[in-house]
Amino acid sequence: MTVSVRIMENRHQGFEHISVTVNENDLESGALKILQIIRPQWQVASIRFKLLTDGITNKLIGCLPDDAPETETVLVRVYGNKTDLLIDRKAETRNILLLSKHGLAPNLYATFENGLAYRFQPGCTLTKVSVRRPEIYSLVAKKMARLHKVKVDAVDKPSPFIWKKSRDFLNLVPEEFSAPKTRKRYKDLALPSQTDLNEEIIELQKILEKTKTPVVFCHNDLLLGNVVFTEEENDVTFIDYEYAAFNYQPYDIANHFAEFVGIDVNQLDYSKDFPSKDFQKDWIRVYLQEFNGSAPDENQVEDLCTNVIKFVLVSHLFWGIWALIQAEHSNIEFDYLLFAKVRLDEYFAKKREYLSANPSKTT
């Protein structure tokens, strides 16, 4: 099998851009075109493919010859339909290259027109059970602290991305969904209007901008499937840096806590699976030890925990709006409107309680 493609080499950055578009419904054929460029020594007949996830944003396939060790697996990720409306792909590439230098992201092999290929990290993604294991959550807390200490050249006073990104997302929510079935379901679920959601963004921004918290480089999407635990190395790896950007420190922690419930839209139960206050404090204590380089006092732990719970609201609002956009554009079989309903219902149910949380009285 031969393929003629135009390659723009970026050898000084260690990866290539390949002018190929992969059909998300024919991943294997598209992946072969990529592999012919980045792994020309592989015999086509010996390559085996495995669909690693049928996720709710992108599709991911693992590629490996029969006689090669698992560690040689190349992952090919194909972006979901219209996700370029949501994600700055050039920024994503820059983020991966930056963070791989710090040992915080897998090596990038190539980008192509609607995706990228990168190094496979052996291990298992987290589950609702494993994310609570002390030996694992301490690794996640320390790794996030390391990420938050990454410095970006020529950025001295970073601004949080969350408010502009939330408004950009809201502007992408259709005034009316194109599919009659989606329009009816939106109405039946009594989801809030764009005007209502915009008012919530304005209110949250007004309140949370007063929060005294650092702006750091964040992952911003640390759901369970984006954390790989490698038992042999006793380490975790963060993957999928699509939304990585500067943001409020407690947001990244809050978003991770909100993801403890998983993404099975029929089993999302915040009353059961959201981490307890004691768990949050234990997690944050480990995080602050790594972030500050010294053991935190209890006031520091309590203050960050208080700010984290406020930013959980931002996470619910942000991903609820995201799901409304996906309901219009995505070709992936997933009940995005129900997901939006659950996240936004949780937002409104907890808004007053979470915003009333007070920091410690002493310093």
Side-chain angles (χ1 to χ4, degrees), residues 140-141 144-152 155-170 197-222 243-260 270 274-294 296-322 343-344 346-363:
V140 176
M144 186 184 290
R146 286 180 56 199
L147 172 63
H148 288 177
K149 291 194 288 185
V150 168
K151 303 298 182 185
V152 178
V155 180
D156 297 321
K157 295 181 179 180
S159 299
F161 97 129
I162 193 64
W163 307 122
K164 182 179 185 303
K165 195 71 170 179
S166 295
R167 290 188 173 87
D168 288 346
F169 274 18
L170 189 58
L197 293 172
N198 186 56
E199 289 176 356
E200 296 301 324
I201 294 173
I202 292 170
E203 183 179 3
L204 281 184
Q205 182 174 3
K206 183 178 179 180
I207 294 170
L208 296 179
E209 278 186 332
K210 299 175 183 178
T211 304
K212 295 181 180 179
T213 183
V215 173
V216 297
F217 196 82
C218 294
H219 185 285
N220 292 314
D221 188 21
L222 210 59
Y243 295 95
F246 284 102
N247 206 356
Y248 298 103
Q249 180 188 42
Y251 176 87
D252 223 12
I253 302 171
N255 187 72
H256 180 55
F257 287 170
E259 298 291 354
F260 275 44
Y270 289 92
F274 190 79
S276 68
K277 179 68 174 292
D278 286 342
F279 180 96
Q280 293 173 43
K281 291 174 70 174
D282 288 342
W283 196 103
I284 286 170
R285 195 173 289 111
V286 175
Y287 168 90
L288 284 173
Q289 169 80 48
E290 180 72 21
F291 187 76
N292 294 328
S294 60
D297 61 43
E298 286 309 298
N299 287 335
Q300 290 175 309
V301 173
E302 186 68 35
D303 287 352
L304 181 52
C305 193
T306 298
N307 285 331
V308 164
I309 206 65
K310 295 177 189 292
F311 277 92
V312 168
L313 296 172
V314 184
S315 172
H316 287 322
L317 191 61
F318 183 78
W319 294 113
I321 295 170
W322 169 89
R343 295 299 296 258
L344 294 173
E346 184 69 9
Y347 167 84
F348 287 108
K350 293 297 195 297
K351 178 183 173 182
R352 180 173 296 182
E353 174 190 344
Y354 286 0
L355 288 180
S356 66
N358 292 314
S360 61
K361 299 302 182 183
T362 59
T363 57

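This chain uses plain numbering: 1 for the first residue, then up along the sequence.
- Listed here is the closest heavy atom pair of C305 and K281: SG-CG, 4.0 Å.
- Using the six-membered ring where Trp is involved, H316 and Y270 have ring planes that are perpendicular, over 60° apart on the 30 and 60° scheme.
- The pair R285-D282 counts as a salt bridge, with a side-chain nitrogen and a carboxylate oxygen less than 4.0 angstrom apart.
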Checklist entry - Passes side-chain contact (heavy atoms from CB on, under 4.5 Å), E200 versus E203? Steps please. => result CA-CA 5 Å; E200 296 301 324; E203 183 179 3; 3.9 Å; yes
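- Considering all non-hydrogen atoms of both residues, V216 and Q249 come closest at CG2-CA, 3.8 Å.
- Evaluated for a side-chain contact (heavy atoms from CB on, under 4.5 Å) with Y251, the options I162, T213, V312, N307 yield exactly one hit, I162.
- Between R167 and I202, the closest heavy-atom pair is NH2-CG1, 3.9 Å.
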Next on the checklist: Quick one, K277 with E302, criterion side-chain contact (heavy atoms from CB on, under 4.5 Å). Give me CA distance, side-chain angles, the key distance, then yes/no.
Outcome noted: CA-CA 10 Å; K277 179 68 174 292; E302 186 68 35; 3.1 Å; yes
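- A donor-acceptor contact shorter than 3.5 Å links the side chain of D297 to the backbone of N299.
- Here W283 contributes atom CH2 and F260 contributes atom CZ; the two are 7.5 Å apart, rounded to the nearest 0.5 Å.
- In plain terms, the two heavy atoms of I253 and L304 that are nearest each other are CD1-CD2, 4.0 Å.
- Taking CD of Q300 as the start and CD of Q289 as the end, the distance is 10.5 Å to the nearest 0.5 Å.
- In this structure, the separation between CD1 on I309 and CD on Q280 is 4.5 Å, given to the nearest 0.5 Å.
- Separation of atoms CG (L313) and CZ (F348) is listed at 10.5 Å; rounding is to 0.5 Å.
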Checklist entry - Could you walk me through whether W163 and V314 pass the side-chain contact (heavy atoms from CB on, under 4.5 Å) check? => result CA-CA 9 Å; W163 307 122; V314 184; 4.1 Å; yes
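- The two atoms that bring W319 and N255 nearest to each other are NE1-OD1, 2.8 Å, heavy atoms only.
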Item to check | Chi angles and distances behind the side-chain contact (heavy atoms from CB on, under 4.5 Å) call for H219, M144 | outcome: CA-CA 8 Å; H219 185 285; M144 186 184 290; over 6 Å; no
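- Panel note: side chain D252, backbone N220; a donor-acceptor pair is recorded below 3.5 Å.
- Applying the side-chain hydrogen bond (donor to acceptor under 3.5 Å, both in side chains) test to Y354 and every residue at least two apart in sequence or in another chain returns nothing.
- Closest non-hydrogen pair, V308 versus A254, comes out as O-CB, 3.2 Å.
- Note: L204 CG to E209 CD = 11.0 Å, rounded to the nearest 0.5 Å.
- Every residue meeting the ring pair (Phe, Tyr, Trp, His ring centres under 6.0 Å) condition with F246, not counting sequence neighbours, appears here in chain and number order: F217.
- In this structure, F161 has no ring pair (Phe, Tyr, Trp, His ring centres under 6.0 Å) partners at least two apart in sequence or on a different chain.
- A distance of 8.5 Å separates NZ of K149 from CZ of R146, quoted to the nearest 0.5 Å.
- By the 4.5 Å heavy-atom criterion applied to side chains, W322 and R343 are not counted as neighbours.
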